[in-house]
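Order of the sequence lines fixes the chain letters, A, B, ..., with proteins taken first and strands second; residue numbering starts at 1 for each chain.
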Amino acid sequence: MKKSTATVSVSVTEQLCLSLLHKCKTLKTVKQVHAITCKTGLDTDRIVAGKLLLHCAVSISDALDYARRLFHHFPDPDVFMYNTIIRGFAESDTPRNSLVAFVEMRRRACVLDSFSFAFVLKGAANYGYLRGGVQLHCDAMRHGLNTHLFVATTLVSVYSECGCVSSARKVFEEMSEPNVVAWNAVLTACFRCGDVKGSEEMFDRMPIRNLTSWNVMLAGYIKAVELELAKEVFLEMPVKDDVSWSTMIAGFAQNGCFDEAFGFFRKLLWVGMRPNEVSLTGVLSACAQAGAFEFGKILQGFLEKAGFLWMISVNNALMDTYCKCGNVGMARLVFERMPENKSIVSWTTMIAGLAMHGNGEEAIQLFHDMEASGIRPDGITFISILYACSHAGLIEQGCKYFSKMKDVYGIEPVIEHYGCMVDLYGRAGKLQKAYDFVCQMPISPTAIIWRTLLGACSIHGNVKLGEKVKERLSELEPSDSGDHVLLSNIYAIAGKWKDVATVRRSMTDQKIKKTPGWSMIEVDKIMYAFVAGGKQDKITQEAYEKLREIISKLRIEGGYVPEVGSVLHDIEEEEKEDSVSRHSEKLALAFGMARLCEGSVIRIVKNLRVCRDCHAVMKLISRVYRLEILVRDRSRFHSFRDGSCSCRDYW
DNA sequence: GTAGGGTTAG
């Protein structure tokens, strides 16, 4: 009698612990439940210990290390516990550990089941360890588990993640009764390896399709930049869920089709669908790239009202939008008002935002705040902080962080970090130092590295080094139009018109076309795009008319003389003037001045770097017209006020 | 008591 009461009371406690555990969202609360299990002796109960382990290893973030300790503490882990720890490691940033645990499991002669193989295969894929994956495949065969539906499906995706589409398809073709999930896996496998035709064939062959199959097609076409085909599938699919909509919004935004991304978002609301994290970050990303500030503000209002601001990722995307739309102050407000659990992305976004606006000191302060708050910076954080240093001319600080990254945090620099260092020295005019740095890099410099240095040669007018660097670039990417333009600019600034002509000729001979410059401006929440010397529509006419009026006022009141150094052609002076006067950023600016009401800040986004003459014109306009102009170019922000620019003529 | 396929911000 006494014994049975005890059994009942243990099972009640067990139930209680399990239900408590289910509610735990943080490591702290899980630890409290763990303490209860220890006190009640339930810590040796397989079911409770297993669930505790599962919760730490899979459900809660940053609790994997605790899971590892729990696992090692248990004297005789069973197959469930092994599977759980393998799964936890497989999905972590140390997937190699899942293979270690698997080997240990085999050594201890624990029974392997389909779960063990499915999880450890995922670990091998995430570790990028194809050979290990193949070994595990053989091992699964020995256990007769390779044809198990779940294991085989995992094998299909593992092989495709490793780029082996033929192996993936082979595993699939050998499956006796593939279900819709297996079919979807093989569709994804074909797309992942760039085999669009293969996916289409598979899709036609499928005996049944559910919603996910259609979504796979959408995502696949978008990845292959077959946007029209994606649209066709989207129209054709019988049912659309939030993933379908988010795929379209994020996909079109990623491919620079902002208008369409906005359009899909509006339509999503129109059909009564509730946006999710992905569609929201997608539409915000479109705003960020397009520089659509007013639309961004409207979205923030919507996010507040509809209760989306508890999502960290949405806040991060909103911050990025404000930074890229030129309002770093509003980004900072979002950052300060964010929920407690800011992520590494939140900190890095804010640091990068301050950096692109030239607020180097503030970015450095924030980096220290981040360290103090216990968040460990990663490689991308260091790219942002190095970028902050180079754009604010903080050379010593930049060098300090470059060393700190390696010495304190053990992060090995990658090509982007080296690029920042070249920019740091190059922008500051330490061109020889930058060149020596490139020559001493432990990894071979890419075209981007040399291009950074060529840009610096152009800023500082160093013809000799510029020529040397261009030679390196010609070996790596001989037909890049930007490089030719940069070299031509270097010659033009030095007045070497003959050399300019040679560059121009070589461009014509090699059929290299200059990337057309475009600029965008937002007026009444509509984005208007202008192209240099573009078609003569009504909008462009209006911009030209206003521009002529502005230039003549600048000549009289501002003493404006056009700077034609950056004109590629050795043409007559008058023609050169005409050529710079057609630059897209000037047209966008003139249009903004014609349309926007007085006192508004003019925000322009340009795809290339601002030219010297446009930069000078904007400085003058900001003084003569008492206007604030904000330009985002390919490299940074320029904030023009009272005749000067925040970049201190340094870009 | 655990899985496999589709969308995400720096």
Atom-pair distance (CD1 on A/I344; P on B/dT8), nearest Å: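 Result: 21 Å.
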
Mind calculating the distance between CE (A/M81) and P (B/dT2) to the nearest angstrom?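 Atom-to-atom, A/M81 to B/dT2, this comes out as 14 Å.
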
Give [X] one of three labels, base, sugar-phosphate or nothing, depending on what nucleic acid heavy atoms sit under 4.0 Å from its own.
X: A/N315; value: nothing
X: A/T381; value: base
X: A/S114; value: base
X: A/T348; value: base
X: A/R192; value: sugar-phosphate
X: A/D320; value: sugar-phosphate
X: A/L149; value: base
X: A/H22; value: nothing
X: A/V243; value: base
X: A/T154; value: sugar-phosphate

Has A/I448 got more than 12 heavy atoms of other residues, nucleotides or ligands less than 6.0 Å from its CD1?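 No.
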
Pi stacking test for A/F80 and B/dG1: under 5.5 Å apart, planes under 30°: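 Yes, the aromatic ring of A/F80 stacks with the base.
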
Base of B/dT7 paired with side chain of A/S246 (donor-acceptor, under 3.5 Å):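 Counting by modelled atom types and ignoring angles, a donor-acceptor contact under 3.5 Å is found here.
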
Aromatic [Y] / basic [X] pairing, under 6.0 angstrom, 45° off normal:
X: A/R209; Y: A/F203; answer: yes
X: A/K240; Y: A/F234; answer: yes
X: A/K342; Y: A/F335; answer: yes

Pairing of A/E201 and A/K197 as salt bridge, 4.0 angstrom limit: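 Looking at A/K197 together with A/E201, the answer is no, because their closest N to O distance does not fall below 4.0 Å.
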
With a 4.0 Å cut-off on N to O distance, would you call A/R169 and A/E174 a salt bridge?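 Salt bridge flag = no for A/E174 with A/R169.
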
According to a strict under-4.0 Å criterion, is A/Q254 in side-chain N/O contact with OP1 or OP2 of B/dT8?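 So the side chain of A/Q254 is within the cut-off, an N or O lying under 4.0 Å from OP1 or OP2 of B/dT8.
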
Test of understanding: with side-chain contact (heavy atoms from CB on, under 4.5 Å), list the residues that count as partners of A/E161, not counting sequence neighbours.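 Expected list: A/K122, A/A125, A/N126, A/S157, A/R192.
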
Residues from residues 166-188 of chain A lying under 4.0 Å of DNA chain B - heavy atoms: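 Those residues are A/N179, A/V181, A/N184, A/T188.
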
